[in-house]
Amino acid sequence: QVWLVESGGGLVQAGGSLRLSCAASGRIFSMLAMGWFRQGPGKERVFVAAISRSSSNTDYADSVKGRFTISRDNAKNTVYLQMNSLKPEDTAVYYCAARGTMAPATTYTEYDYWGQGTQVTVSS
């Protein structure tokens, strides 16, 4: 079992930045590939970014490439999502996810564990 707790969401103006954190417990964090997904109002949950166990591989949705950066600190059992140049269309609930494999994944069905989500609202 893995427990994930997100934090760092909030209200920010367009062009601003936020850093989301996701703290993990329950299994050896370094054995987990991690991902971030988001779900806007009335929309499906979609992939944002993912990172492999060792941080050697990362992947991003086209909509966030060049603006968002995923990273992890295995010593702190935490994965981060640095979000810069935020746009109103980035408004969503952001979810952290974990899977017990080496490689990251881009579809939500490939993840086994989920956090409760943190709200990000970008005003224009």
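Every heavy atom of this structure was used, including side-chain atoms; hydrogens, water molecules and symmetry mates were not.
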Quick one: list whatever passes salt bridge (charged side-chain N to carboxylate O under 4.0 Å, His left out) with D59, sequence neighbours left out.
none
Tracing side-chain links under 4.5 Å among I, L, V, M, F, W and Y, which residues wind up in one group with M31?
I28
Might you point out which heavy atoms bring A50 and A105 nearest each other, and give the distance in Å?
CB-O, 3.6 Å
Give the minimum heavy-atom separation between T78 and S21, together with the two atoms involved.
CG2-CB, 4.2 Å
Please round to the nearest 0.5 Å and tell me the distance separating atom CG of D112 and atom CD of Q1.
10.0 Å
Tracing side-chain links under 4.5 Å among I, L, V, M, F, W and Y, which residues wind up in one group with L86?
V2, L4, V12, L18, L20, F29, L32, M34, W36, V48, I51, Y60, V64, F68, I70, V79, L81, M83, Y94, Y113, V120, V122
Could you measure the distance from the CD atom of Q119 to the CG atom of L11? Nearest 0.5 Å is fine.
9.5 Å
Could you give all pairs that pass the salt bridge (Lys or Arg N to Asp or Glu O under 4.0 Å) test and reach residues 79-97, with sequence neighbours left out?
R38-D90, R67-D90
On a heavy-atom basis, the closest approach of E6 and G117 is OE1-N, 2.9 Å
Listed by chain and number, what are the side-chain contact (heavy atoms from CB on, under 4.5 Å) partners of K43, not counting sequence neighbours?
none
Qualifying disulfide (SG to SG under 2.5 Å) pairs, either residue in residues 17-96, two or more places apart:
C22-C96
Taking ILVMFWY side chains as joined if any heavy atoms are under 4.5 angstrom apart, and letting links pass through other members, which residues group with V5?
none
Could I get the full list of side-chain contact (heavy atoms from CB on, under 4.5 Å) partners for D73, not counting sequence neighbours?
A75, K76, Y80
By side-chain contact (heavy atoms from CB on, under 4.5 Å) - contacts of S25 (at least two apart)
W3
Ignoring hydrogens and geometry, is there a side-chain-to-backbone donor-acceptor pair from Q13 to S123 under 3.5 Å?
no
Is there a donor-acceptor pair under 3.5 Å between the side chain of Q39 and the backbone N or O of A92?
no
Show every side chain to side chain donor-acceptor pair (under 3.5 Å) that has at least one partner inside residues 46-56, sequence neighbours left out.
S52-S56, S54-S56
Clusters formed by hydrophobic residues whose side-chain heavy atoms approach within less than 4.5 Å: which one holds V93, and what are its other members?
F37, F47, Y95, Y108, Y111, W114
Looking only at heavy atoms, what is the nearest atom pair of A14 and P88, with distance?
CB-CD, 4.1 Å
Mind checking salt bridge (charged side-chain N to carboxylate O under 4.0 Å, His left out) for R72 and listing every partner two or more places apart, or none if nothing turns up?
none
